[in-house]
Every structure is written in C-alpha cells, then in structure tokens.
Amino acid sequence: DSLARHLLPSVEPTAAMPHMGRTWAGLKRPAGYPHLGLAHAFNAGSAARRHSLNGPTKKAQRTRSPARSGPTAAQAPEVVAMRRVVHQFGLVGGPDLDSKEDRLQQLLERLPADTGATLIFVSAASAASVRANIDACKRKALAAAARGRAGRFKAAVSGTEANLDGMGEWTCGRCTLENSWLADDCKACGARRAAFPKVSVVVADGQASSSGRSPWTPESCQIVINYDMPRCSEYVRRLCALQPQETYNPREPRVAYTFAEESQLKSKNGREMVELLKTVRKCVEPAKAAEIESVLELIEYGDEENEEEEEDDGDEDGDWEACDCAHCRGSILGSTSYHPLLPVPGVVHNAMSGVEVVRLPLRALEDFDKAVPFIAPRVIGHSCTLICLHCLNVHTPWDGWEQFFAPPELRGTIRVVLVLADGVSWHEYPDSALLGAGGSTWVDILDMGSMDRSDMLLERLVDHEAALLNGQSERIVLMGMSQGGGQSMLRFLRSKIRLGGWIGSVCHVPTAPHTPRDRDPLIVSGRPTVNRNSPVRLLAGESDTVFTPGLVLGDAARLRNVGGFADVEVELRSGLAHEGPLEDYKPPKPAKADSPTGKGSASKAGRPELQRAKSFRGKAEKSCPDLLFLQQYLPSMVDFTSNSAPEVC
C-alpha cells in the first residue's frame, strides 16, 4: 500500500516548532481582514497577528495554572487523552468572523454522511437554536437526496446506456466497496447510502457535569463539537465520548472541534488550555507536535501581541490590496521566457533544449483569444506541458528557479504555464481567522463558488494546451503548491480528458469535510473517472502547521478509498514546514550514482559549469523543494524518450 508506507512512526518527543519567516508556500493573511478581499495580505506587513513561540509573558506566567513537566508528563491521564485526538478551534463571534450559527451550519453541510456519530455539546441557553440548525440542515440534505434518487430512477427508466454509464458509482464509507449508482444499500456490508450524518445534541451545563452523571455514553462517537468553550478539565472529560482510533486508518480520525470567542481565549480557561496543549506538544512525535502548534498559533494570546496589534491598526490603509510583483505592475495579458537546461554529467542537450515558461493571468482566460498570441509556443515539439498554480499571496514563488522544472534526463523542451490568480488568491475563505494565524488540522472550510469560477477558466487552458500537443492530453501534468495545490487537484478530479498526472506540495485534496457533501468531487453523480489510474504524488511536511500531516494523510486515504484513485503516494518529509525547510534541517546527501557515459565522465564532472550547477541545486533544496520533488516523479508520468527533437518555430 503506497499510502501506508508514509504513516507516522513513533519517535522521540520534540521541542516547540521553530517560527518560520520565509514565504515558500505563501504568507498568511492578517486576521481581521474580511474574506472578500483576502488576496494581498503580504503587503500588510506588521498588521498580521504575531503569536510568539518563545513562551508566555511574565504577566501570563503569573496567571496561568502550572503545567506538568518532566518524564511523568507523557503518562498523565489528560496528556494521554489529548494525544489520541485531533484538535481544532474555530474563532467565531467577532466583527469580521462568522457567528456560531453560521459556523455550525458550515460544519453540518460538510460532515461526510459515511462517518461515525457526532456529539454537539451545548449549554441550555443554546440548545434550542442548535437543534433548529440541525433540523434545517437535515431537511435540506434529505430533500436533495430525494431529488437525486428520483433523478437516478428516471434516468434508469428513460435514459440511454451512455447516461447510465455517466452516473458512475458510489463508494460505501464503511467497507469502501463500489456499488451501483442505483443501489441504496451496500451489497457487501448492508450499510445504507446516507444523506446526512448522525448528529446528537448533549446539554452539558456545569451543574449537570458536577452531578457525576454523564448525559452521553463513553466511546460512542467519532466527532465532538464544543459549541461553547468548556473548562479545561471538562474538555478533557468529553474526549472520553470518542471511540478508540482504528489502527492505521487516517481517513477517520477522532476529532474535537471547539467554537471559541476571543474573550474566552483571553480568560483563565483559555490560558489553562494553552498550557495543557504546550505540555502535550512536548510529549508527541513531530507530526502531532505540528498539529498542536497549529492550534496554539490560533488560540495563544499575549499582552505584548495585543499592544502591537492596537498600534498597527492605525497604520493601515488601502495599499495592501495591490500586488506589486512585476507581472501585475505590467498588466500583462501573457508573456513567454526561455531558460536553457542546467548541465548534467553524461547528458548531451540539443541546441534548442530548455524550459519555455509562460506566465498567464487567470483573468486573461475570460477572453482567451486576446491572450493566445502572447503565449504561443516559440519552439515546436515540446515534450510535455506543466500547468502550475502558485500559493496564496505570492505570484512569484518559482521566479529564478525555472530551470528546475525540467528533469535531468530531459533532452528536448518542456513547456511550463504559470497561471497568476486574480488578487493572488484562487478562491475565498469563509473561515478568515485561519488566514491570520494557525491552520487546519481537520477541516479547511472551502468556498466552492469561487473555486468553481477558477476551475472553469483553468479547464479552458487545459483544453488549449491539449490542442497544442495534437490531442495528446496525457502529456499534460497539473501541479500546485499550498492553496494552488488544492485548486489544481480540483481540476484534475473533474477533468474529462486523460492527464499525465498531478503533483502537489503542502496541500490537501478538496473533498469532504472541506467541501459541502453535495459538492464533493469524489462522490458527486456523473463525476469523471478517466484519471483514476493516473499517478498522484504529494509532498507533505512533517512540521507543517497550516495543513497538518494528519489532515493530508486522511484526505489522501479518502482519495484512494472513496474516490477510487489507485496510484496515490504521499511523501511525508521530516524537517519540512509549510513555509519551507526548517532552519536547522540538513537534507541527506544523495547517493553517488555511476555516470551514464562511463569512461571519462569523472573529468567532465569537474568542469566549472557542472560545479556551478551542483551549487545551484544545493540552494534549490532549501528554496524550492517542490521543484526537486517534481523532477523526481515527472519522468514516471511522461515518457520523454519517445518524443522527437524540437523544431524551431
């Protein structure tokens, strides 16, 4: 199993994750900015929330409860309970944040129907509104399921064979068996094709908790949602409601999602929760430590941070909404540049070998005919086409490293299309707080409306590049990093033509629970299946606090088990954070390989140009590890040996 090879091993506890300042995978958007114009946060500078990783201030140290330390901390009951659960907090109730009602509706629309039970802990004052919210979402889901069922049977009665084949199949969430799209029950395990998850409300006031009676059954659910932030001890007690985690099953984690208001995080309960999480962080493996660090970046407050934020609020103006990269300043419709290949020992490149890089604003695809002359190939007969989507807030993550798009064995020309998102963002974010600090450990709430708009334009580009390859669409590979990785994966999943594969870095699959159930590209009726056997390669960071390793592995497992994609591999790389390699990380030295030229190659390896290329590659390991990851897997997706030499246009 290609995914099981990358499941997390047990390693020694690690210290706190070091703070990253680079922008390899994009900058986070400052908290408090409305999500409608989130794209240009990198010019906001000091306005972004700063969460110190150097420990609490002296005032905070006096008010916080003492945390466990020493060798007994890992065996403490509360630490053991916290280690086995995925924790995520959602900021709500602020002027630029979602209300509790809206956030709960977003979660109910996204909970996969094939997961275990969900318990929502509420206070007595909130119980009525929560139940009404659940009933409204359930009625909507059941009505949509009824319409879908009627449409399936109508197509079965009056449709043609082509219509029947186009409806596809549905995958059982319990046993992962594919069933006929007409079936309502799994033919293997009997599980019913659910339209809405099992959700229960538990009224858990302080008085009820102190009575010694639990209004819920231990080990009875898969997801716990705390509608109101509880005390630290009560938070740990509620974790007992979660079922034991199945061994080697990253697709169904045990989750505790907590709604939190800013005032609650600054209270004594919030500070105690921070101290508990810091204790747990010291007792877990690096991947789990990244998850805990992600939560701390969101909920940890300090007096110095608040003072700095207040000072910065008066300095803001509208200039942060303008991207200042050269491509935006020039208002280009499209541009093309050519980059020669780096010298490789034993490889003789053709005179016209190189990397043809096209930069194309996404908005230019709306009236594509005007941009086509500016991006026409300068060399005929390129081996393949890479369509690459950048990260959030940065148009230029690969500028200066274009030569590394080509694998060392390439002897011809490769065409790389760098699409530039409008406003430096591919889509909007309903949960705007996560863009200012923290990350997603379980759910990354995606806005499918804005993603659909970008996907429609990208489909035009893919069709255009396939025509340039004389219809050989299997020579097109999609690539993306961070936010661009999720957007490019959506186009890969929806593509109706065969593609060579997909390569991504520090990103995740746009599937449930990130998307609404009825918009999940892995289960929607009539979804294309032409690329289910195409290779999918994903580079994940073991120290990534934006898209944590557990989230990435869980999505990859769902891609395999529910989506039916047979060739999915995830490389979980140690020492890699979302922003790039850690400061103190040293990559392993590559093994020495024999030169293909054999005799006399040693003298060639000492040439100055080869030494410069080797030094350049060493710098690329820290600046663009995703391109080196691309070089590793691209030859397995595209056959470079069968392509004829390029011709001059």
What's the separation between atom [atom1] in [X] and atom [atom2] in [Y], rounded to the nearest 0.5 Å?
{"X": "D447", "Y": "T515", "atom1": "CG", "atom2": "OG1", "answer": "12.0 Å"}
{"X": "T545", "Y": "L296", "atom1": "OG1", "atom2": "CG", "answer": "10.5 Å"}
{"X": "L539", "Y": "L576", "atom1": "CG", "atom2": "CG", "answer": "5.5 Å"}

Practice task
Let me see the working for Q483 and S425 under side chain to side chain donor-acceptor pair (under 3.5 Å), right down to the final yes or no.
Solution key: CA-CA 8 Å; Q483 187 199 46; S425 179; 3.0 Å; yes
Flag, side chain of [X] to backbone of [Y], donor-acceptor distance under 3.5 Å:
{"X": "Q106", "Y": "I445", "result": "no"}
{"X": "R110", "Y": "H514", "result": "yes"}
{"X": "R527", "Y": "L522", "result": "yes"}
{"X": "S353", "Y": "R411", "result": "yes"}
{"X": "S495", "Y": "F492", "result": "no"}
{"X": "R475", "Y": "S383", "result": "yes"}
{"X": "S543", "Y": "A577", "result": "no"}
{"X": "N533", "Y": "F565", "result": "no"}
{"X": "H395", "Y": "C328", "result": "no"}
{"X": "Q222", "Y": "G116", "result": "yes"}

Side chains of [X] and [Y]: does their closest heavy-atom pair fall under 4.5 Å?
{"X": "L627", "Y": "M479", "value": "yes"}
{"X": "Y338", "Y": "V379", "value": "yes"}
{"X": "L446", "Y": "M451", "value": "yes"}
{"X": "R453", "Y": "L362", "value": "yes"}
{"X": "W398", "Y": "H390", "value": "yes"}
{"X": "V358", "Y": "V416", "value": "no"}
{"X": "E356", "Y": "P377", "value": "yes"}
{"X": "Y633", "Y": "E569", "value": "yes"}

Ignoring hydrogens, what is the shortest heavy-atom contact between [X] and [Y]? Give both atom names and the distance.
{"X": "L634", "Y": "I503", "value": "N-CD1, 4.3 Å"}
{"X": "S534", "Y": "L499", "value": "OG-O, 3.1 Å"}
{"X": "V443", "Y": "P513", "value": "CG2-O, 3.3 Å"}
{"X": "C384", "Y": "F640", "value": "SG-CE2, 3.9 Å"}
{"X": "A371", "Y": "A364", "value": "CB-CB, 4.0 Å"}
{"X": "I292", "Y": "R281", "value": "CG2-CB, 3.8 Å"}

Scan for salt bridge (charged side-chain N to carboxylate O under 4.0 Å, His left out) pairs involving [range], sequence neighbours excluded, and state none if there are none.
{"range": "residues 499-518", "value": "none"}
{"range": "residues 385-401", "value": "R359-D399"}
{"range": "residues 488-509", "value": "D452-R494, D455-R491, D455-R494"}

Got a sec, which residues hit ring-ring contact (aromatic ring centres under 6.0 Å, His included) with [X], two or more places apart in sequence or on another chain?
{"X": "Y257", "result": "F259"}
{"X": "W401", "result": "F616"}
{"X": "H327", "result": "none"}
{"X": "H87", "result": "Y235"}

Handout entry: N-O pairing of K288 and E291 below 4.0 Å
Key = yes
Handout entry: SB check R537 D567 (cutoff 4.0 Å)
Key = yes
Could you tell me which residues satisfy side chain to side chain donor-acceptor pair (under 3.5 Å) with [X], sequence neighbours excluded, listed by chain and number?
{"X": "R573", "result": "E571"}
{"X": "H508", "result": "D444, D555"}
{"X": "T511", "result": "D520, R558"}
{"X": "T115", "result": "none"}

Problem - E402 and S337 side chains, donor-acceptor separation under 3.5 Å - result: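 Side chains of S337 and E402: no pair found under 3.5 Å.
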Problem - Check: D544/H578 side-chain N/O donor and acceptor closer than 3.5 Å - result: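 There is such a pair (donor and acceptor under 3.5 Å, judged by atom type) between the side chains of D544 and H578.
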Practice task
Take L410 and F405 through the test side chain to side chain contact (heavy atoms under 4.5 Å, CB included) and record every step on the way to the result.
Solution key: CA-CA 10 Å; L410 177 68; F405 280 105; over 6 Å; no
Exercise for the section: Could you walk me through whether L628 and E621 pass the side chain to side chain contact (heavy atoms under 4.5 Å, CB included) test, one step at a time? Expected result: CA-CA 7 Å; L628 301 184; E621 292 178 350; 3.4 Å; yes
Exercise for the section: Could you walk me through whether R363 and L420 pass the side chain to side chain contact (heavy atoms under 4.5 Å, CB included) test, one step at a time? Expected result: CA-CA 9 Å; R363 64 179 180 274; L420 310 179; over 6 Å; no
Practice task
Could you name each residue pair satisfying side chain to side chain donor-acceptor pair (under 3.5 Å) that touches residues 458-467, not counting sequence neighbours?
Solution key: R415-E465
Exercise for the section: Applying side chain to side chain contact (heavy atoms under 4.5 Å, CB included) between M489 and each of L389, L478, V509, report the one that passes. Expected result: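 Output: one option passes, namely V509.
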Handout entry: W502: which of V477, V568, L493, L538 passes side chain to side chain contact (heavy atoms under 4.5 Å, CB included)
Key =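 Only one option passes, and that is L538.
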Exercise for the section: Walk me through it: do L551 and T441 pass the test side chain to side chain contact (heavy atoms under 4.5 Å, CB included)? Expected result: CA-CA 6 Å; L551 179 147; T441 60; 5.8 Å; no
